[in-house]
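Have a look at the structure below before the remarks.
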Amino acid sequence: MQLFSVDQQRSQALEAHAASFAQFKVPGNENPSILISFATKSFNAGQITSKLHVIELGAQPGKPSFSKKQADLFFPPDFQDDFPVAMQISHKYGLIFVITKLGLLFVYDLETASAVYRNRISPDPIFLTSEASAAGGFYAINRRGQVLLATVNEATIVPFVSGQLNNLELAVNLAKRGNLPGAENLVVQRFQELFAQTKYKEAAELAAESPQGILRTPDTVAKFQSVPVQAGQTPPLLQYFGTLLTRGKLNAFESLELSRLVVNQNKKNLLENWLAEDKLECSEELGDLVKTVDNDLALKIYIKARATPKVVAAFAERREFDKILIYSKQVGYTPDYLFLLQTILRTDPQGAVNFALMMSQMEGGCPVDYNTITDLFLQRNLIREATAFLLDVLKPNLPEHAFLQTKVLEINLVTFPNVADAILANGMFTHYDRPRIAQLCEKAGLFVRALQHYTELPDIKRVIVNTHAIEPQSLVEFFGTLSREWALECMKDLLLVNLRGNLQIIVQVAKEYCEQLGVDACIKLFEQFKSYEGLYFFLGSYLSSSEDPDIHFKYIEAAAKTGQIKEVERVTRESNFYDAEKTKNFLMEAKLPDARPLINVCDRFGFVPDLTHYLYTNNMLRYIEGYVQKVNPGNAPLVVGQLLDDECPEDFIKGLILSVRSLLPVEPLVEECEKRNRLRLLTQFLEHLVSEGSQDVHVHNALGKIIIDSNNNPEHFLTTNPYYDSRVVGKYCEKRDPTLAVVAYRRGQCDDELINVTNKNSLFKLQARYVVERMDGDLWEKVLNPENEYRRQLIDQVVSTALPESKSPEQVSATVKAFMTADLPHELIELLEKIVLQNSAFSGNFNLQNLLILTAIKADPSRVMDYINRLDSFDGPAVGEVAVEAQLYEEAFAIFKKFNLNVQAVNVLLDNIRSIDRAVEFAFRVEEDAVWSQVAKAQLREGLVSDAIESFIRADDATQFLDVIRASEDADVYSDLVRYLLMVRQKVKEPKVDSELIYAYAKTDRLGEIEEFILMPNVANLQNVGDRLFDEALYEAAKIIFAFISNWAKLAVTLVRLKQFQGAVDAARKANSAKTWKEVCFACVDAEEFRLAQICGLNVIIQVDDLEEVSEYYQNRGCFNELISLMESGLGLERAHMGIFTELGVLYARYRAEKLMEHIKLFSTRLNIPKLIRACDEQQHWKELTYLYIQYDEFDNAATTVMNHSPEAWDHMQFKDIIVKVASVELYYKAVHFYLQEHPDLINDMLNVLALRVDHTRVVDIMRKAGHLRLVKPYMVAVQSNNVSAVNEALNEIYVEEEDYDRLRESIDLHDNFDQIGLAQKIEKHELLEMRRVAAYIYKKAGRWKQSIALSKKDNLYKDAMETASQSGDRELAEELLVYFIEQGKKECFAACLFVCYDLIRPDVALEMAWVNNMIDFTFPFLLQFIREYTGKVDELIKDKIEAQKDVKAKEQEEKEVIAQQNMYAQLLPLALPAPPMPGMGGGFAPPPPMGGGMGMPPMPPYGMPQMGSY
């Protein structure tokens, strides 16, 4: 063991088995010393010495040090090989615990190294301990996994040390150190000795350290007080108190006595220091003492002492009432709060309010009723304070506070109405008496509050009419609380009382609550009183949020009737919700002097003709001009139209139009005039606009229409005017002149209109020219649509006229494209032949030639070959591809051949025409590598592998080597493949090529070339090649590869395939792989090469996962002996594991049972027991199975196996060890049955082992049913001490059968748990007298006294009868027995019965019986004893009376002496009259009290007559 010093950073060797550190305080040294305790066990001169050492580490210089201690460790003879393994030190008791390997515990004192105790605490080895500081002991763990806690028995250790060890000093030290009981007498004795020797300091220290404070009593303080103080020395009492203060805290009595000394010396600061250091135990008496000098300090003491009444009184004196509540809550004290509140009220009303509020906030509620507190305030007329208190405590607004809420409102409504109003305004109360408060509010003039509280309509009507005293806003808010019906009733009343005065309020209410009251109801209310003014004001506020047409109309009506013309004009202009027709009619009927409202309505809602008619008929032409010029010039056409209808003069209309000029919309004006055929009316107006530079399309449209109608050179206008709308003017011309319409439509590119008009009028030439010139795809699509019935006429005109006339390539291109889009191939061919083949300007056009051939391919393939031969300026590659797509393969071949596109040409021959011969011929003709490459690919696809390889070689093409390799392998042409791969290797460096070349060599059996190749530089993947050769059974080639790349695992397997087993083993050794070893092993087994197989197997079975596979392989082939030999060899391996031992055990179980038990016993700790258990169970090796179950702690299964297979597995001693450890209780009783059937001679031995575990009743039932109850008599006798009913009855039954009455009586006396009456009834008629006597005895024990006595009398057992009567305590039974003896003439029995039943027999009855039957002589002993007993009792009574009288006299004498001492001062006073006698001072003796009543017999001893006294 190494001891390391942290301070010095060095270590020291320590010869010890266990050690531990501790701290110990040496007397005279205030700093604790560090100790180390260690245990050693060594051999010196052939002797074993065991020592315990305790030494100090790092002694403090100049300070007292700990002297080294050592002690012997005494090991018992049976534990000579034991040694310490752990050491723990209890700092609580100052003890050293040394724990040994075999479970011994040594206990030593730390200070003296004295041995205290030794015992074995565990039958199993202990290997780990830890300190249990709280318990003062230690924890330990043994090999079984049990956790042990060892500590000191505080109640017995001190008596043990002082008694058995006889070490009084150690016992006292232990008691003081651990505050333990048991040393009281020793400590008291030692204290008295020190006191007698005047060693007061030592005595004080002993008392201070006394265990459990047995000497810290008032008697000890009195002893120190009684010691006289020597001059110049510290009083012993102060020495005692000083020692206590240094040791800790004083108790209550010590604190009081010390404080009394300090107070007398006026050293208050000492008290404060001691209290701050918590040296004194506070008490109420100490607080009373300190209060005489310092109230603050006394309060602290009271608080610490929890003297609650004194604390409350102190706080009250200091006027710190808030602290009273806090403190009372903390300590759970309930002071007299009402008294405290009254006290505060007298001097500080506001403080009383605060105190009351604090009480109300206490947990659990206010200790004083709120009403009582309020009455206290009101009795002193403190209205404001009472209100403040109630307002605060009633904040929660609880239903139970309804009375107080009413009260606070009442007192304020009577005295301070404004305060009540503020309280009600806050709305903090809801549970008060509302009718009562409503009446008080009405009386106080608070009408709004009264309205808020009244709940009846008459009351509300009565109050509400006082509008002069109610703020309007409050009244309006009140209406919001009423129901709809009540609110309307109140509004009617207000209007009835004062319509003009209350109208504004009613309007405000209607505005505020129109949604609740209903707008219709409010309107009806105003209309009922014909108040259009109110209606006007009400609807004016509601109008902006309403969309109701009636509301808006009524507002317009009310405004009109009240003369609010401007408002009428505004609403008609801005509102969107009034009924325009209804409003228009109303305004026309009202005939307002201002027509603007009507103009607004008609203008907004399209009544312009009606407006114009109204104004024209009412001669209001000024408003017509104003409307047209200022309001809405856009509606001037409607005005003009209506004026024309009303036959207004043209001059006025022209003037009206000219006054507006450019603001006038021309289109609707033209439309209105055109409808009435008055278009010429606008000529001057339109020419004026054109002259002003107007570009308005409508102006020019109208002017054009006028020119066309007047036939004033219309073509010039249509072609030169850029502003008119072609569609409008063209439409206008269609019925007048279609050619003019075509001109107009052409100018505006109005395609649809132009097509329609030309079709309708058969103008196809114009249409064809327009379509060609237009070059619009959509237009072409429309005219070439098959559904167009005029398509043929148009095509003819295009082919014959329009297109030949065109010189624009764009127009030609657009036309051709349109024909193609319309899918008109024949027409397109006709068109193109006319353009391309007839020497036109477009004959050599590249695109047109392409188009011609492509169109022919699609429409007329027979012309394609002719076009190919005749045309030269077309796109050969593109056209050739199109020909291929159209399956014109010969034409495509001709095109590609014409343009020297040989690859495309040969592809056509190969892919389309599918003629490899023509392709080969073509390739020979052109001799191009690319052509040969395409031919080779085609040959490869057709399976002509050799030809393909030849072609690839001609093409010098190495790109397709993967396909060539795959095809060669499929066709098995490896010779040709070798030639091809040699060519490829010259071009590419690919692992695939080199790998396939090796494989091809192997397939052609060219092994020598393989060896040469792999020695040359190459990029072949030799591993993959080798695996492939191996998979295809080319083992010789594979062997070359694997040997070259050193793949020993694969080489070994390959050699196995070649039956070269020795080489395979060598290769496997180099590979050193479990898989390789396994494969070689299995191959050797199959080849019956068992020697080599064992070499391999030893390298396999060390792997747990492969062991079972090897075993199964051997067993499946019947190689049992070889397998067992392999496993036995494996036991000696360095890496042998549990699986090998287990598997060998399984093999022994299957094939060599004679070796199984020996193997199990030798290697039980290295076996997989569950697996071996299954094997033994399968092979029915029951003895070995039982042993395994025991080793695996499966005792239930072990017991079951033994009982089920007893011929082989049973052994009595072993079974006893097993059965006590089983967990299943049922196995106990199964074992009983088992022994009963097979080994009845040993059943008692087995049952004795199970005595503490089985149910004895069940065992007895089993044996009783089996009829062999006597067999287990020894067992039942052994367990009868448990007092089990079944056992007792069974034994009693056996004793009765055996007539063993002594054992029967003993059983009855010791064990009472059985059917006593049943047993008594069974044996009361037994032929043996002693049995019948036992029956009587049982009846007596059961309390059946009469039956017992009767049975005893029947058998003449008079002594038993007398004893039974005496024990019964029944006087009648005793006297009946006396009568029986008299009747039988048994005089001696009569006398004996008087003696035995002395307590029960009445003397007068006994004398009477004796006198009547002439047996007085036999009663004299009884009579003499009776007289002697009662004489002694009387003497005792007289003696007690005399002593009581003496005590009374002595007490009176003491009282006289006390009174005399108190009145001694009277001797100094002058003579005076004699004082009246003092109570208790009279002379003489009081007469003795009368003696007690008659003399009754005192209770007698329970049994027998007392001894006779001497006279």
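Heavy atoms only: backbone and side chains are in, while hydrogens, waters and symmetry mates are out. Positions are given from 1 along the sequence.
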Query raised in the report: Which class fits the ring pair His1256 and Tyr1275: parallel under 30°, tilted 30 to 60°, perpendicular over 60°?
Result: tilted
Query raised in the report: So, does Ser1366 use its side chain to make a donor-acceptor pair with the main chain of Cys1397 at under 3.5 Å?
Result: no
Query raised in the report: Hey, does the side chain of Arg120 reach the backbone of Leu104 with a donor-acceptor pair shorter than 3.5 angstrom?
Result: no
Requested in this report: Could you tell me whether Glu1408 atom CD has more than 12 heavy atoms of other residues or ligands within 6.0 Å of it?
Outcome: no
Report summary line: Between Phe160 and Val116, the two heavy atoms sitting closest are CE2-O, 3.2 Å
**Report entry** Arg118 side chain reached by Leu105 side chain, heavy atoms, under 4.5 Å
**Finding:** no
Query - More than 12 heavy atoms of other groups within 6.0 Å of Arg1303 CZ - result: no
Report task. Please name the pair of heavy atoms, one in Val1222 and one in Ile1219, separated by the smallest distance, quoted to 0.1 Å. Result -> CG2-O, 3.2 Å
Query raised in the report: With a 4.5 Å heavy-atom cut-off, do Val1287 and Asn1282 have their side chains touching?
Result: no
Query - Row check, Tyr1229 ring normal vs Arg1258 NZ/CZ: under 6.0 Å, within 45° - result: yes
Query - Nearest non-hydrogen partners of Asn1288 and Asn1283, listed with the distance - result: ND2-OD1, 2.9 Å
Query raised in the report: Just by distance, with hydrogens left out, do Tyr1339 and Glu1324 show a side-chain donor and acceptor under 3.5 Å apart?
Result: yes
Query raised in the report: Can you tell me how far CG of Asn1197 sits from CD1 of Ile1190, rounded to the nearest 0.5 angstrom?
Result: 11.5 Å
**Report entry** Student check: side-chain heavy atoms of Leu148 and Ser122 closer than 4.5 Å
**Finding:** yes
Requested in this report: Indicate yes or no: at least one non-hydrogen side-chain atom of Gln1347 is less than 4.5 angstrom from one of Leu1351.
Outcome: no
Requested in this report: Look only at the side chain of His1239 and the backbone of Asp1241, and say whether a donor-acceptor pair between them is shorter than 3.5 Å.
Outcome: no
Report task. Specify the closest pair of heavy atoms between Ala1198 and Tyr1189, including all atoms of both residues, with the distance to one decimal. Result -> CB-CB, 3.5 Å
Requested in this report: Step through the shown structure and confirm whether more than 12 heavy atoms of other residues, nucleotides or ligands are within 6.0 Å of CG on Asn1414.
Outcome: no
Query raised in the report: Around atom CD of Gln1321, are there more than 12 heavy atoms of other residues, nucleotides or ligands at under 6.0 Å?
Result: yes
Query raised in the report: Can you find a pair of side-chain heavy atoms, one from Ile1323 and one from Leu1304, that are under 4.5 Å apart?
Result: yes
Query - Check: Phe1395 ring centre within less than 6.0 Å of Phe1422 ring centre - result: no
Query raised in the report: Got a salt bridge between Asp1312 and Lys1341, using NZ or NE/NH1/NH2 to carboxylate O under 4.0 Å?
Result: no
**Report entry** Any donor-acceptor pair under 3.5 Å from Ser1206 side chain to Val1202 backbone
**Finding:** no
Query raised in the report: What's the spacing between Glu1289 CD and Leu1269 CG if we round to 0.5 Å?
Result: 11.0 Å
**Report entry** Smallest separation among heavy atoms of Leu1236 and Ala1266, with atom names
**Finding:** CD2-CB, 3.4 Å
Requested in this report: Verify side chain to side chain contact (heavy atoms under 4.5 Å, CB included) between Arg1371 and Arg1402, making sure each step is shown before the conclusion.
Outcome: CA-CA 8 Å; Arg1371 180 177 295 170; Arg1402 292 172 291 182; 3.4 Å; yes
**Report entry** Ser1224 and Asp1196: side chain donor to acceptor below 3.5 Å
**Finding:** no
Report task. For side chain to side chain contact (heavy atoms under 4.5 Å, CB included), just list the numbers for Met1276 and Ile1294, CA-CA rounded to whole Å, side-chain angles, deciding distance to a tenth of an Å, and then say yes or no. Result -> CA-CA 11 Å; Met1276 291 192 292; Ile1294 293 173; 3.6 Å; yes
Query raised in the report: Taking the side chain from Asn1413 and the backbone from Met1415, do they hold a donor-acceptor pair closer than 3.5 Å?
Result: no
**Report entry** Arg1264/Glu1293 ion pair, N-O < 4.0 Å
**Finding:** yes
Query raised in the report: Measuring from Ser1368:OG to Glu1363:CD, what's the distance to the nearest 0.5 Å?
Result: 12.0 Å
Query - Pairwise distance OG1(Thr1431) to CZ(Phe1426) - rounded to 0.5 angstrom - result: 9.5 Å
Query raised in the report: Does atom OH of Tyr1295 have more than 12 heavy-atom neighbours from other groups under 6.0 Å away?
Result: yes
Query - Check against side chain to side chain donor-acceptor pair (under 3.5 Å), Tyr1398 and Glu1429 - result: CA-CA 12 Å; Tyr1398 177 81; Glu1429 180 181 355; 2.6 Å; yes
Query raised in the report: Hey, are His1212 and Asp1245 close enough side-chain-wise for a donor-acceptor pair under 3.5 Å?
Result: yes
Query raised in the report: Once the angle between the rings of Tyr1358 and Tyr1380 is folded into 0 to 90°, is it parallel (under 30°), tilted (30 to 60°) or perpendicular (over 60°)?
Result: tilted
Query raised in the report: Are any side-chain N or O atoms of Thr1419 and backbone N or O atoms of Leu1407, one a donor and one an acceptor, separated by less than 3.5 Å?
Result: no
Query raised in the report: Is Trp1210 close to Tyr1235 at the side-chain level, that is, under 4.5 Å between some pair of heavy atoms?
Result: yes
Query - Steps toward side chain to side chain contact (heavy atoms under 4.5 Å, CB included) verdict (Val1259, Leu1250) - result: CA-CA 11 Å; Val1259 174; Leu1250 296 177; over 6 Å; no
Query - Quiz item: cation-pi between Arg1305 and Tyr1337, 6.0 Å / 45° - result: yes
Report task. Decide yes or no for Lys1346 and Ile1349: does some side-chain heavy atom of the first lie under 4.5 Å from some side-chain heavy atom of the second? Result -> no
Query raised in the report: Quick one: does Gln1384's side chain get under 4.5 Å of Lys1353's, heavy atoms only?
Result: no
**Report entry** Nearest heavy atoms of Ala1374 and Ala1365, plus distance in Å
**Finding:** CA-CB, 4.3 Å
Query raised in the report: If you measure from CD1 on Ile1401 to CD on Glu1375, what distance do you get to the nearest 0.5 Å?
Result: 7.0 Å
Query raised in the report: When you look at Asp1355 and Arg1333, which way does the salt bridge (charged side-chain N to carboxylate O under 4.0 Å, His left out) test go after all the steps?
Result: CA-CA 8 Å; Asp1355 291 328; Arg1333 189 178 181 190; over 6 Å; no
Requested in this report: Applying side chain to side chain contact (heavy atoms under 4.5 Å, CB included), run through Ile1243 and Met1263 and close with a yes or a no.
Outcome: CA-CA 11 Å; Ile1243 191 170; Met1263 301 306 298; 4.1 Å; yes
Query raised in the report: Side chain of Asn153, backbone of Ile157: donor and acceptor closer than 3.5 Å?
Result: no
Query raised in the report: CE of Met1362 to CD of Gln1367: how many Å apart, nearest 0.5 Å?
Result: 12.5 Å
